[in-house]
Every structure is written in structure tokens, then in C-alpha cells.
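Have a look at the structure below before the remarks.
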Amino acid sequence: MSDASANQTTKFQPRVFSGIQPSGGLTLGNYLGAMRRFVDWQERGLNEGFETIFCMVDLHAITVWQDPEALRRQTRELAAGYIASGLDPAKAILFNQSQVPEHTQLAWIFNCVARMGWMQRMTQWKDKAGKNQQNASLGLFAYPSLMAADILVYHATHVPVGEDQKQHIELTRDIAIKFNNDYGVDFFPVTEPVIEGAATRVMSLRDGSKKMSKSDPSDMARINLTDDADAIANKIRKARTDPEALPSEAKGLEDRPEARNLVNIYAALSGKDVDSVLAEVGGKQFSEFKPMLADIAVAHLSPISTEMARLMEAPDEIDAIIGKGAEKAREIAEPILKKTYDIVGMIRS
Ligand code: AMP
Ligand code: TRP
């Protein structure tokens, strides 16, 4: 754990929490930028003796309209993606947000701590609500307060997220600090964001300046975790590149976003750094490099898509795993919520 958190580890045990919205479609970007990092945290937690908790945040997903059947399927698909990527229910807690009611119970209290002005400043709110804020759901506005509750109902100290979520983690810290001040307690930890670096950002296969995203209108821009070997190879073959050969040093990738992206993906999937990849492939044309990348991508992703497909055929197995996960999550969340109610002045029988 970082030095910055040393002041907390005396009172708050390190604990890692993160979540992904089951809003449909998982890409290589989600895998390299989020799920694979979660698996690293799981292993580290096991070695160093702290808990790791990962969630499908379905209550966040419904802040914008979701078809009910699609939501159920997407939630199971995300669970299958987590498991197929290496999250192990015996090592980490894996569950669905709405199955642990303590999240929404704490969120209400945080709604009364957080200020309207704080929410109004959130860039995700401004982006998602667009011009017609009056017509956005109240849930979309209060979204960061529920996110703070997700984290703080476990007293989580570290939250691995993408850069776009940094502002929400800062708001989580503000809520914890204001709660502690308002009630004169030292009850909620001031959580550390663990931000994904640029190196783990996977860009579109059609435009190296845009993030690879499930919402890109072109399916050729992304590799889906459910793509089969042919689809993966085809998308890599057709990926946009420039006419130059690959450089032998990283600085030769500056101003070549598409080339840089493909090399980054190769490096991430092979577990090598960019310099050693370029030492190996420098001077090659894309016609030679792309099949190498396709091979490694297929070798790495095929077992994941196969396991996801198997689990999607066994929804009962998924439901049993996340049901047990929710029980384990509640064992941690329930006493923390009870203590919060005591602090706030609610009668408990
Ligand atoms: P989203 O699918 O945008 O809700 O993101 C879910 C998680 O995946 C977040 O932790 C993101 O930071 C991560 N993620 C999504 N797309 C990418 C990408 N192209 N590169 C790296 N990480 C990503
Ligand atoms: N807002 C996050 C996203 O869109 C998802 C999320 C909800 C989350 N609750 C969380 C992430 C708690 C980390 C911790 O990516």
C-alpha cells in the first residue's frame, strides 16, 4: 500500500472495492483497464492479507433507462466476464449491488450529507445529462452519492478506477470528511483512488485518439470479450495503421497513435514492456506484425470468451456465486451501516 495511505492503515485495514456498470458489452479495454487489474488486486490481497470486493453496479446502470430483461442478462454477462478473467469467488467477494440493500441505505444518509453544488460540478453528470438537465433522472444526479456509499459501506481504503472516475472518488472523500466532521467522529476512511495509467488505456482500432468503447457505433473499432477467434483476427487485420514500419524504440511511436495502440495491446497481452516488444518487432511492417498480434490476442482471449459462453449457458451457477458473494458482502456492510445509524441518531431495536 502507498505511503499516502499509511495514516489510515493504523485505524482502517486496507480493503479494495471497485465496480463496473452492467450496461452491456465488455471490450478488451474493460479487460486490460479494469478486470485484469482487479485480478492483480485479488492476488495481492491474498498475499498481503486484505479483502478485495468487486461489484456489478446494477443500481447505477438504471440511472439511465435499461430494458429489464437486458439488464438481467448484462448483469450475468458482467459476472461471467469477471469470473472468466480470473476473479475467483473463493479469493475475492463478487456480487451484485442491488442484492446488498446497505448500499442504498447508506446512500440516503449521504444524500443528506452531500450538497447539491457538489453534484452539479460533476463532469459525468454534465456530460450524461446534456443540455436537458431538467429531464435527467434524479438518480443520475445522485449517482456519485450512491458510489460513495458503495465504497464506504465497506470502509474501503483503495479504489482502482479509470481516470474518468477520479472526480467521483474525490467526492467520496469529501462526503467521508464532511460526515466525520458533522458528527464529530473518525468513522469513514478517506479513500485513495488508484488511477489506471495511460499505458492501460486501450484505444479504438479505427481511431487511435478515441478510447475503445462498447458504445462506439462501429463494431470494428473494438474487440469484444465475446468475439470469436475469426472476429478478433479480422478486426486486427483491418485495424487502422500508418504506412511506416514499426520503430525499434518507444519514442518512435510518438505522433503515431494507431501504431502505439497496437504495440501497447501486444505488450499488455504478452506481459512485456513496450521497449522489449519494440526490440523484438522493430523494423517489421504491419502486414507481419498484425498476424503476431492476432495470434496473441486469440490465445489470450479465447479461453475467456469460451468460459463466458459456458457460464451464460448456466445462469443458475452465476446466480449461486453472486448470491453467496452478496451474503459475504453483507457480513461486512451490515455492522458498518448499523454503526452509521447509531452515529446519526436513529433508534434501532
Ligand atoms: P465502462 O465500460 O466505460 O463503464 O468502464 C468500466 C471499466 O473499464 C472502468 O474501470 C474503465 O476505466 C475501464 N475501461 C473502459 N474502457 C476502457 C479502455 N478503452 N481502456 C482502458 N480501460 C477501459
Ligand atoms: N461509476 C463507475 C463507472 O462508471 C462505476 C462504479 C459505481 C464504481 N460504484 C463504484 C467504481 C464504486 C468504483 C467504486 O465506471
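When a ligand or atom number is given, it counts from 1 through the structure's own listing order. Note that the structure is a prediction, hence the values are computed from the model and not measured.
- When non-hydrogen atoms are compared, ligand 2 lies under 4.0 Å from the side chain of Val161 (C-beta onward) but not from its backbone.
- Ser276 places no side-chain N or O within donor-acceptor distance of the main-chain N or O of Lys272, the cut-off being under 3.5 Å.
- Ranking the protein heavy atoms by distance from atom 20 (N) of ligand 1 puts Val202 N, 2.9 Å first.
- The Gln21 neighbourhood of ligand 2 comprises atoms 4 (O), with distances under 4.0 Å to a heavy atom of that residue.
- Counting atoms of ligand 1 from 1 in the listed order, those under 4.0 Å from a heavy atom of Ile20 are 6 (C).
- Of all atoms in ligand 2, numbered sequentially from 1 with element shown, those under 4.0 Å from a heavy atom of Val159 are 13 (C), 14 (C).
- Selection from Arg222, Lys211, Arg36 by nearest heavy atom to atom 17 (C) of ligand 1 gives Lys211.
- The shortest N or O to N or O distance between Asp164 and ligand 1 is not under 3.5 Å.
- In this structure, His103 has its ring center under 6.0 Å from that of Phe95.
- Each of Asp227, Asp228, Asp216 was checked for a salt bridge (charged side-chain N to carboxylate O under 4.0 Å, His left out) with Lys235, and the lone residue meeting it is Asp227.
- For atom 5 (C) of ligand 2, the nearest non-hydrogen atom of the protein is Gly19 O, 3.6 Å.
- The proximity of Leu146 to ligand 2, defined as any non-hydrogen pair under 4.0 Å, does not occur for either the backbone or the side chain.
- Between Tyr183 and Phe179, the ring planes are tilted. Angles from 30° to 60° get that label.
- Aromatic ring centroids of Phe54 and Phe17 lie 6.0 Å or more apart.
- At least one heavy atom of Asn30 sits less than 4.0 Å from an atom of ligand 1.
- Using bins of under 30°, 30° to 60° and over 60° for the plane-to-plane angle, the ring pair His168/Tyr143 lands in the tilted bin.
- The shortest contact between atom 12 (C) of ligand 2 and any protein heavy atom is with Phe17 CE2, 3.4 Å.
- Of the listed residues (Ala34, Gly24, Ala61, Gly29), the one carrying the non-hydrogen atom nearest atom 22 (N) of ligand 1 is Gly29.
- Not one N or O on the side chain of Asn96 forms a donor-acceptor pair closer than 3.5 Å with the backbone of Gln99.
- Of all protein heavy atoms, the one closest to atom 9 (N) of ligand 2 is Asp150 OD2, 2.7 Å.
- For ligand 2, the atoms sitting less than 4.0 Å from at least one non-hydrogen atom of His60 are 7 (C), 9 (N), numbered in the order shown with element in parentheses.
- Remark: the backbone N or O of Thr226 is not paired with any side-chain donor or acceptor of Asn224 at under 3.5 angstrom.
- Those atoms of ligand 1 that come under 4.0 Å of a heavy atom in Arg201, given as number and element, are 20 (N), 21 (C).
- Within the 4.0 angstrom cut-off, atom 14 (N) of ligand 1 has one or more protein heavy-atom neighbours.
- Residues Trp41 and Val194 form a side-chain contact, since some pair of their non-hydrogen atoms from C-beta on lies under 4.5 Å apart.
- Tyr143 OH, 2.6 Å is the protein heavy atom nearest to atom 1 (N) of ligand 2.
- The closest protein non-hydrogen atom to atom 2 (C) of ligand 2 is Gln165 OE1, 3.4 Å.
- His155 and Phe187 have perpendicular rings, their planes meeting at more than 60° on a 0 to 90° scale where under 30° would count as parallel.
- Looking only at atom types and distance, the side chain of Lys214 has a donor-acceptor partner in the side chain of Ser23 under 3.5 Å away.
- Heavy atoms of Gln165 found under 4.0 angstrom from ligand 1: none, in either backbone or side chain.
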Derivation and outcome, side-chain contact (heavy atoms from CB on, under 4.5 Å), residues Ile109 and Val344: CA-CA 9 Å; Ile109 293 182; Val344 171; 4.1 Å; yes
Assess whether side-chain contact (heavy atoms from CB on, under 4.5 Å) is satisfied between Arg37 and Tyr31, documenting all intermediate values. CA-CA 8 Å; Arg37 296 173 70 217; Tyr31 174 68; over 6 Å; no
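- Protein heavy atom nearest atom 12 (O) of ligand 1, with residue, atom name and distance: Glu196 OE1, 3.2 Å.
- Ranking protein heavy atoms by distance to atom 4 (O) of ligand 1, first place goes to Lys214 NZ, 3.8 Å.
- Near Met212, meaning under 4.0 Å from any of its heavy atoms, are these atoms of ligand 1: 16 (N), 18 (C), 19 (N).
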